[in-house]
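Have a look at the structure below before the remarks.
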Amino acid sequence: MPSASTFARLPDGPAEDITILFNGEAVRARSGDTVAAALIAAGHRITRTTPVSGTGRGPYCMMGACFECLVEIDGEPNRQGCMVQVRDGMRIDAMSGARKLAEGNP
Amino acid sequence: MTGRVQLAVIGAGPAGMAAAVEAANCGASVVLIDEQPAPGGQIYRAITSAARPGKAILGDDYENGAKLTDTLAASTVDHWTATTVWQVTPEREIYMTRDGASHRITADAIVIANGATERPMPFPGWTLPGVMTAGAGQILLKTAGLVPQAGLVLAGSGPLLFLIAAQYLRAGGAIEALVETTPRSNYRTALRHLPGALRTPGYLRKGLGLLAELRKHKVRHVKTATRLQAVGDGRLQALRFSRAGRQHEIACTTLMLHIGVVPNVQITRALNLPHDWDALQRCWRPRRDADGATELDGIFLAGDGAGIGGAVVAELEGRIAGLASARALGTLETGKAEARLAAERSRLAQEMAPRPFLDALYAPSPEFLAPPDDTIVCRCEEVTAGQIRSYVGLGCIGPNQTKSFGRSGMGPCQGRLCGLTVSEIIASETARPMAEVGYYRIRPPIKPVTLGELAALHDDQAAAADRSLENAS
């Protein structure tokens, strides 16, 4: 669950103009945002659980180095949320624990 | 885009942009490859975006990046955006992913300008959601206009911490506290480098200006904090630390960390280039000569990826590597190259003058180099400092062996966040120098590639050869 966001957009910047889905819930975002930035802006700070202990993690470096913000995007697992830009209607799901191989997926 | 180019530059920050433009202006065909959708690197991130914050918030130094992106736009450089390099070979082949497919090109020369990453700052609780780097905070500000309104603590050491604090204050943000971990002894060590630093006083003047902004806004500024610990039930709720023998706790929901930046050595390590331990900057530096040339023919390095100097130094090093590669390619006469290189080298020496002072003043506190036992050092595989020490106790003598003991460095980040720490712990436990302990063996692909992306490999060189055969027949 998100808590109220502690980040605000600069008032003179562009408005949040698109909607993405995080774990099925609608999240407003700004064109040009990365997935990780849009989630932080909306107060979603836990974006995956680890494969080893199952504890929550969130975006850490925002520049593609730490791989903490791995999420599933439109059904594709293990995408770096800080390296993918949002699109209207994009479906984002938290990665949960270890990766699973889809049935019938080579 | 053809499969064979004269020069390929990896990274579109100040060093990469400068190298690409210099070489292109000498008549070389240049491809500039970068992971981001627009040029600038991390320091000038979003500089070409109409939506970014203005000069009143980000400051003059950031605005300087626009000069570089303007010259890039006016040049003949072919800029491949949103393209991730995952392998570079000594034969100068570059493998990369773009739009879900892999590509391979071969270059007559390569400039690697892949920049720096934040130095890991491990302490108990640094993996909690809500803890991020100060660099991450800057990226959120530059790309998404995001400013913290409550619950922010900044912790660590170094000029970036003061810069982001000042930028947030100018943007109307709120800061609970800036908790500085610079050890008191650093000030004494730095003092003897002060005369050298005063040769280029601009950096010091800027630093003092930022501190004055913090004072004006009455930001709580804690100095010489030790024994940091982030606490919270599933997510960050507070930062604890010691100061002068007393425990303190500050409630926060966002904690931004910084203790300097270090070269991103994934590509140079995967190329098996020699790396030297820099005892002052406490990081590895891939070996290169004054022109940026490495021991691999036609492969040059420039910018923070080769040693930390900052944006202006990176730009100068980029120009030097661009000119040197143009000379190697035969598109710049040797005599002309020498005169221009000499001029750039003299500017470089001037810009480097404050480094020893800054490096000594902001040398990371030992508690973050070899952290307490209960600290997770390998964030991916959740291996603690105590576990690394126990492996040493069992006879583990190097970072690569820790992989078979407990998988440290084997997660998706491929050691980027734990490589320095694991080696520092082993060096400290075994009382051996870092140069002897060494680093993880980094192997390609240096970024994950899916089988689908591999299967869709566009061999641009083979395709070009096929085309020329068809044309010939």
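The analysis underlying the following values was restricted to heavy atoms, covering all of them including side chains, and did not include hydrogens, waters or symmetry mates. Model, not experiment: these values are computed from the prediction.
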Closest contact, heavy atoms only, G43(A) versus R235(B): O-NH2, 4.3 Å

Please look at I376(B) and chain A and tell me whether the side chain, the backbone, both or neither of the residue comes under 4.5 angstrom of a heavy atom of that chain. side chain

Any idea which heavy atoms bring I139(B) and C61(A) closest together, and the distance? CD1-O, 3.9 Å

L146(B) side, atom CG; I40(A) side, atom CD1 - distance, nearest 0.5 Å: 8.0 Å

At their closest point, which heavy atom of T117(B) faces which heavy atom of A65(A), and how far apart are they? CG2-CB, 4.1 Å

Which pairs count as salt bridge (Lys or Arg N to Asp or Glu O under 4.0 Å) when at least one residue sits in residues 46-58 of chain A, sequence neighbours excluded? R48(A)-E68(A), R57(A)-E68(A)

Do you know the tightest heavy-atom contact between C380(B) and V52(A)? O-CG2, 4.1 Å

Of the listed L152(B), T253(B), L236(B), L141(B), the one with the largest count of heavy-atom pairs under 4.5 Å with chain A is T253(B)

I need the Y60(A) OH to L417(B) CG distance, nearest 0.5 Å. 6.5 Å

Residues in salt bridge (charged side-chain N to carboxylate O under 4.0 Å, His left out) with R45(B), at least two apart? none

With a 4.5 angstrom heavy-atom cut-off, which part of R379(B) approaches chain A: side chain, backbone, both or neither? both

Between A144(B) and A37(A), what is the shortest heavy-atom contact and its length? CB-CB, 4.1 Å

Can you say whether P37(B) sits under 4.5 Å from chain A via the side chain, the backbone, both, or neither, judging by heavy atoms? side chain

